[in-house]
Novice: 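The structure follows.
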Amino acid sequence: MGGAGILRSSLFPATTGQVRRMQEHYSPEAIEAQVQRQWEEADCFRAHEDAAGEPFYCLSMFPYPSGKLHMGHVRNYTIGDVIARFQRMQGKSVLQPMGWDAFGLPAENAAMQNHVPPAAWTRQNIEQMRTQLKRLGFAYDWSREFATCDADYYRWEQWLFVRLLKKGLVYRKKATVNWDPVDQTVLANEQVIEGRGWRSGAVVERREMPQWFLRITDYADELLEALDGLDGWPDQVRTMQRNWIGRSEGVELEFAVDGGEPLTVYTTRPDTLFGVSYMALAPEHPRVQALAEQDAELAAFVADCAQGGVAEADLATMDKKGRALGFTARHPLTGEDVPVWVANFVLMEYGTGAVMAVPAHDERDHEFATKYGLPIRQVIAPADGAEVDVQQAAFTEAGVLVNSGEFDGQDSEAAKAAIAEHLEQAGIGRRRRNYRLRDWGISRQRYWGCPIPVIHCDTCGAVPVPEADLPVRLPEDVIPDGAGSPLARMPEFFEATCPECGKPARRETDTFDTFFESSWYFARYACADNEMAMLDARADHWLPVDQYVGGIEHAVLHLLYARFFHKLLRDEGLLASDEPFTRLLTQGMVIAPTFYRERGDGGKDWINPADVELERAEDGSVKAARHCEDGQPVVIGGMEKMSKSKNNGVDPQALIERFGADTARLFTMFAAPPDLSLEWSDSGVEGAHRFIKRLWRAVHEHVNGAVPGTLEVDALDDAGRELRRKLHDTIAKVTDDIGRRQTFNTAVAANMELLNDLGKFPQDAAGAAAVRQEVLEGIVRMLAPIIPHVTETLWQALGHDDLVAATPWPQVDEAARQAAQETLAVQVNGKRRAEIAVPAGADKDAIESVARNDENVQRHIEGQNVVKVIVVPGRLVNFVVKPQ
RNA sequence: GCCGGGAUGGCGGAACUGGUAGACGCGCCGGACUCAAAAUCCGGUUCUGGCAACAGAGUGCGAGUUCGAUUCUCGCUCCCGGCACCA
């Protein structure tokens with residue numbers, strides 16, 4: 001790989017012997033472009049299926065091409081690149097691809113604003129962002145790049161959709177959307193602000209529309225149960241997915257209604273069945289709709305409930321309101337009549353659109369009952385016999401049944417089973433497993449997305465587009481105007497003939513949810529050039545992804561949909577594995593300080609941190625801030641996620657131009673562990689830059705000094721042995737930090753410590769130059785994944801002809817790590833009183849006696865009874881004493 | 001509202017399996033170099049008291065378990081992420 005000719009560049013003209021000249025000062029602009037050229041000429045990041053070494057697929061979530069790279073991208077992609085380069089140095093055959101999640105709403109918004117078609121805007125953004133990514137030196141195999149808006153990509157999801165449709169995994173039903181009555185268009189949740197459309201300002205209505213759905217609930221059990229095996233995922237993410245799927249065991253039962261269909265409800269608490277004091281129906285419930293036709297007041301109430309957006313957070317926090325419907329339902333066990341209400345908090349899309357209300361033992365039911373004066377009847381008592389007043393607050397825990405007829409005295413668990421059994425016997429109920437997870441609605445009334453390949457025929461219904469006619473291409477020279485989907489107004493797009501009967505028909509104008517594209521892109525990278533098939537055998541060579549890196553905000557939706565798609569592809573025979581991502585790293589946000597000034601009208605003018613000067617107190621704490629230009633004070637607003645709205649974004653481009661890619665990479669890796677939020681700091685960036693300069697200088701001084709010669713371990717003095725011990729301790733730590741713990745910040749810190757120790761290492765120590773050579777080579781290789789450009793240059797300066805990017809990771813010399821002595825703390829009653837040194841491997845008795853004889857320890861145990869001595873070898877000694 | 005996180009010096013963070021709290025970096029203070037400044041280098045830096053040795057306090061708040069708790073348990077406060085049409 002690579003030729004020596006490439007490496008003997010003008011920077012390092014070949015000289016005699018080991019020593020090469022290097023520039024005295026570190027200048028990133030000079031070396032980064034040149035090093036990138038070397039990688040490119042060696043083509044060293046192209047993945048080969050037949051390469052030696054175990055395959056390792058390292059993937060970072062692909063970006064939405066919004067225009068410019070932001071710091072969040074820099075962080076995400078640096079983490080992925082560090083892992084990929086580290087694994088390469090471990091001898092793995094690494095695939096690290098990159099591409100573009102190119103469909104989505106921002107392109108439509110930009111189109112409206114700038115009068116540019118989304119396609120042109122998106123492709124231009126891709127060009128710009130690709131250049132920026134290349135400038136950062138990521139080790140991508142660019143030959144596999146694609147954008148999801150390419151027909152070569154989306155044709156395969158159309159193809160898959162047709163197969164799923166034929167298999168019965170796709171169906172059509174009505175679902176609720178945000179409807180803007182002024183713009184006559186469907187809004188995304190993000191476009192609904194305080195219940196109003198973001199452009200029109202009109203009060204948004206919930207409206208039902210026919211939509212395509214994917215039966216993800218068919219896979220709910222597998223998606224849930226397989227989480228237990230995903231031990232390379234953070235527990236936090238697995239827990240969130242478990243709760244999202246929300247499997248529950250309960251009972252479905254009927255409440256009879258005089259002169260009408262019985263009402264079916266689902267409950268996970270059949271033990272509270274005797275406490276039902278009313279029933280509540282969703283405003284969209286067919287029964288309510290029917291009554292409203294006759295009752296103007298009810299109709300007005302239902303219309304009022306339909307105001308506002310569909311987002312769950314809005315629905316869950318709105319005021320609970322309801323209305324009696326004027327009829328009753330019969331309690332299946334007591335035969336009592338309970339009133340039936342309509343309530344805005346009951347959702348038609350969950351379960352049956354009807355709930356049995358037990359106000360004594362459910363908080364939401366309690367709130368509603370209190371508001372409308374409905375009875376609250378206790379049927380569960382605390383198991384410990386404590387008194388509770390259910391009129392005051394719901395008692396929602398399990399307990400012992402009371403006021404429940406023949407079931408009195410049973411505990412909740414037993415009663416659930418007994419009541420379920422009773423209902424089944426009586427033929428009015430059955431045990432059921434229920435999920436919170438709903439089927440995935442994949443239709444979007446949007447232009448900039450993948451067309452859904454269906455033709456609607458008056459005679460034949462919804463007919464899939466025949467395989468031979470795929471792809472259904474999205475016309476690209478279109479500028480949306482915000483008033484509904486442009487496709488629905490383009491006869492040249494929607495006019496079609498029915499593939500079955502040949503009569504004139506109408507093409508579907510909805511497009512896929514953009515999560516569709518991101519649910520399988522990781523597999524397509526394995527065979528992006530295949531024009532004949534969605535996936536081929538190369539997919540199983542690389543998949544599952546060994547390491548996936550991306551933002552925590554994707555913990556549920558994207559990651560659940562991708563897992564689901566992977567299983568769909570498996571069941572189509574396209575993949576062999578069960579899960580897409582073996583190991584997952586979820587990275588935190590990038591945040592920065594905010595500054596503002598109040599405007600006269602109560603609004604705020606946000607000021608970019610770059611334009612603000614800080615005033616500090618003696619101890620360094622920030623006292624005040626003022627604007628650089630006018631010198632007048634500004635308000636300090638705290639740390640927030642970098643955003644346009646708070647004007648606290650830092651453009652990575654400026655950072656790279658000023659300090660170079662390596663500094664940008666080092667700062668993002670050093671400032672925080674990857675899963676925590678990363679706080680932007682100008683001086684932190686300068687600190688990272690300073691460290692690189694120090695490393696450069698250390699190598700420069702070394703290569704201009706004594707010729708190292710061969711390292712002779714036995715000839716070293718104490719200083720040499722001590723430094724080598726530090727080196728090999730550091731290699732062990734950094735290997736673990738990067739490989740297992742993924743705490744890149746501590747890996748960097750350990751190398752900083754090692755370089756500090758090297759700085760204190762005496763020049764005249766025995767074999768000093770050889771030890772220095774070993775230490776510098778170690779640091780250069782350990783930091784190569786993080787700061788690849790400068791280490792590439794330094795590696796060559798240290799006398800190597802190969803690329804550090806393709807060099808094996810340093811090995812730990814266990815012999816060098818043996819220490820003669822160890823220090824441990826001595827505590828008396830848990831308070832540290834001394835530090836002692838003992839020979840390595842000393843036994844407990846020996847350690848205790850050294851500790852006991854320490855002067856300060858003596859002072860503290862004198863005149864006391866030593867009741868216990870705890871000796872933890874290598875750690876500490878603790879004397880537990882009591883006054884005599 | 002529901003689900004999931006987080007909180008440690010002036011600041012970002014470290015402490016990996018319950019075992020010396022504050023590694024590393026920033027900032028600040030002092031010094032060296034310089035005509036001077038920048039850059040760089042050296043030293044100090046949790047707080048309180050003390051010249052020091054040392055002592056006391058200390059990991060968001062309140063309890064608990066333990067010889068020993070930043071770490072485990074219970075109850076709070078504040079901040080952040082997600083909530084199915086932002087990606």
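Chain A is the first sequence line, chain B the second, and so forth, proteins listed ahead of strands; every chain is numbered from 1.
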Novice: Hey, is NZ on Lys371(A) packed in by over 12 heavy atoms from elsewhere, all under 6.0 Å?
Specialist: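 Enclosed: over 12 neighbouring heavy atoms sit under 6.0 Å from NZ of Lys371(A).
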Novice: Base, backbone or nothing for each nucleotide of nucleotides 82-87 of chain B, written B, S, -, heavy atoms under 4.0 angstrom, 5' to 3'?
Specialist: SBBBSB
Novice: C74(B) and G81(B): how far apart are their P atoms, nearest whole angstrom?
Specialist: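 Per the computed distance, 26 Å lies between those P atoms.
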Novice: More than 12 non-hydrogen atoms from neighbouring residues, nucleotides or ligands closer than 6.0 Å to CG on Asp319(A), yes or no?
Specialist: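 Open: at most 12 neighbouring heavy atoms sit under 6.0 Å from CG of Asp319(A).
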Novice: Under 4.0 Å between any heavy atoms, over every strand shown, what does Lys882(A) touch: base, sugar-phosphate, or nothing? Just pick one.
Specialist: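 Nothing: the residue Lys882(A), judged by heavy atoms under 4.0 Å, touches no strand.
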Novice: Among A15(B), G1(B), C24(B), which nucleotide has an atom closest to any side-chain atom of Thr317(A)?
Specialist: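 Of the candidates, G1(B) comes closest.
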Novice: Taking N or O atoms only and anything under 3.5 Å, show me the protein contacts with nucleotides 57-60 of chain B, one pair per line.
Specialist:
unit_1 : atom_1 : unit_2    : atom_2 : d
A57(B) : OP2    : Lys831(A) : NZ     : 3.3

Novice: Taking atom P in both C78(B) and G64(B), compute the distance separating them and give it to the nearest angstrom.
Specialist: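 One P to the other, the span is 24 Å.
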Novice: Describe, in one word, how the ring planes of Phe368(A) and Phe345(A) are oriented to each other, choosing from parallel (under 30°), tilted (30 to 60°) and perpendicular (over 60°).
Specialist: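 Perpendicular: the ring planes of Phe368(A) and Phe345(A) meet at over 60°.
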Novice: What's the shortest heavy-atom distance between Pro234(A) and Leu584(A), and which atoms?
Specialist: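 Nearest pair, atom of Pro234(A) first, then Leu584(A): CD-O, 3.5 Å.
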Novice: For Glu835(A), report the nucleic acid contact type (base, sugar-phosphate, nothing); a contact means any heavy atom under 4.0 Å.
Specialist: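 Answer is base: heavy atoms of Glu835(A) come under 4.0 Å of a base.
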Novice: Are Phe522(A) and Phe62(A) near enough that their ring centres are under 6.0 Å apart?
Specialist: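 When the ring centroids of Phe522(A) and Phe62(A) are compared, they turn out to be at least 6.0 Å apart.
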Novice: Counting Watson-Crick and G-U wobble pairs whose two distances are both under 3.5 Å, find the runs of 3 or more in a row that involve RNA chain B.
Specialist: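 Expected stems, ordered by start: B:1-7 with B:77-83, B:10-12 with B:24-26, B:27-32 with B:40-45, B:46-49 with B:54-57, B:60-64 with B:72-76.
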Novice: Tell me, please, which residues at least two apart from Glu753(A) pass salt bridge (Lys or Arg N to Asp or Glu O under 4.0 Å).
Specialist: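 For Glu753(A) the salt bridge (Lys or Arg N to Asp or Glu O under 4.0 Å) partners, ignoring immediate neighbours, are Lys726(A).
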Novice: Taking only side-chain nitrogens and oxygens of Asn745(A), does any of them come within less than 4.0 Å of OP1 or OP2 of A23(B)?
Specialist: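 No, outside the criterion.
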Novice: Apply side chain to side chain donor-acceptor pair (under 3.5 Å) to Asp439(A) and Thr217(A), showing your working.
Specialist: CA-CA 6 Å; Asp439(A) 275 337; Thr217(A) 51; 2.7 Å; yes
Novice: Using a heavy-atom cut-off of 4.0 Å across all strands, would you classify Ser677(A) as base, sugar-phosphate, or nothing?
Specialist: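 Contact class for Ser677(A): sugar-phosphate only.
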Novice: When you compare C26(B) with A21(B), how far apart are their P atoms, in angstrom units rounded to a whole number?
Specialist: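 Looking at atom P only, C26(B) and A21(B) are 26 Å apart.
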Novice: Sticking with atom P, work out how far U73(B) lies from G25(B), rounded to a whole angstrom.
Specialist: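 These two P atoms come out 34 Å apart once rounded.
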Novice: Quick check on Glu363(A): does its CD atom have over 12 non-hydrogen neighbours (other residues, nucleotides or ligands) under 6.0 Å away?
Specialist: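 Atom CD in Glu363(A) is not packed in, count stays at 12 or less.
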Novice: Is Asn751(A) close enough to C24(B) that one of its side-chain N or O atoms is under 4.0 Å from OP1 or OP2 there?
Specialist: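 For C24(B), neither OP1 nor OP2 has a side-chain N or O of Asn751(A) closer than 4.0 Å.
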Novice: Return the orientation label for the His554(A) and His558(A) ring planes: parallel under 30°, perpendicular over 60°, tilted otherwise.
Specialist: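 Perpendicular: the ring planes of His554(A) and His558(A) meet at over 60°.
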Novice: Determine the interatomic distance between C1' on G12(B) and the same-named atom on C61(B); round to the nearest Å.
Specialist: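 Per the computed distance, 24 Å lies between those C1' atoms.
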Novice: For atom CZ of Arg436(A), is the number of surrounding heavy atoms from other residues, nucleotides or ligands below 6.0 Å larger than 12?
Specialist: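 Yes, the 6.0 Å shell around CZ holds more than 12 heavy atoms from other groups.
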Novice: Could you work out the separation of U8(B) and U46(B) based on their C1' atoms and round it to a whole Å?
Specialist: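 Comparing C1' positions in U8(B) and U46(B) gives a spacing of 10 Å.
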Novice: On a whole-Å scale, what distance lies between the P atoms belonging to G43(B) and A23(B)?
Specialist: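 To the nearest whole Å, 15 Å.
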Novice: Report all interatomic pairs (protein N or O, nucleotide N or O of nucleotides 65-76 of chain B) with separations under 3.5 Å.
Specialist:
unit_1 : atom_1 : unit_2    : atom_2 : d
C67(B) : O2     : Asn878(A) : ND2    : 2.7

Novice: Are Trp680(A) and Phe667(A) close enough that their ring centers fall under 6.0 Å?
Specialist: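 Centroid distance Trp680(A)-Phe667(A): below 6.0 Å, so yes.
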Novice: Polar pairs (N or O, both sides) under 3.5 Å between protein and nucleotides 50-54 of chain B?
Specialist:
unit_1 : atom_1 : unit_2    : atom_2 : d
C54(B) : O3'    : Arg859(A) : NH2    : 3.4

Novice: Give the nucleotide from the list C26(B), U20(B), C16(B) with an atom nearest to the side chain of Asp736(A).
Specialist: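 Between C26(B), U20(B), C16(B), the one nearest the side chain of Asp736(A) would be C16(B).
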Novice: Ignoring hydrogens and angles, tell me if any N or O in the side chain of Glu205(A) forms a donor-acceptor pair with the backbone of Arg207(A) under 3.5 Å.
Specialist: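 Not a single qualifying donor-acceptor pair exists.
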Novice: How about His700(A) and Tyr26(A): are their ring centres within less than 6.0 Å of each other?
Specialist: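 Centroid distance His700(A)-Tyr26(A): not below 6.0 Å, so no.
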Novice: Across the strands shown, which category fits Arg697(A) at heavy-atom distances under 4.0 angstrom: base, sugar-phosphate, nothing?
Specialist: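 Sugar-phosphate, no base atom in range.
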Novice: Please work out if Ser681(A) contacts a base, only the sugar-phosphate, or nothing of the nucleic acid, heavy-atom cut-off 4.0 Å.
Specialist: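 No contact.
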Novice: Do Tyr154(A) and Phe103(A) have ring centres separated by under 6.0 Å?
Specialist: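 When the ring centroids of Tyr154(A) and Phe103(A) are compared, they turn out to be within the sub-6.0 Å range.
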Novice: Identify the heavy atoms of Pro674(A) and Leu585(A) that sit nearest to each other, and give their distance.
Specialist: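 Heavy atoms only, the tightest pair is CB-CD2, 3.8 Å.
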Novice: Which one of Tyr561(A), Phe515(A), Phe512(A) satisfies the side chain to side chain contact (heavy atoms under 4.5 Å, CB included) criterion with Ile442(A)?
Specialist: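 Only one option passes, and that is Phe512(A).
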Novice: Within the structure shown, what part of the strands sits under 4.0 Å from Met589(A) by heavy-atom distance: base, sugar-phosphate, or nothing?
Specialist: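 Sugar-phosphate contact only - Met589(A) comes under 4.0 Å of backbone atoms but never of a base.
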Novice: Between U70(B) and G22(B), how far apart are the two C1' atoms, rounded to whole Å?
Specialist: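 11 Å, rounded to whole Å.
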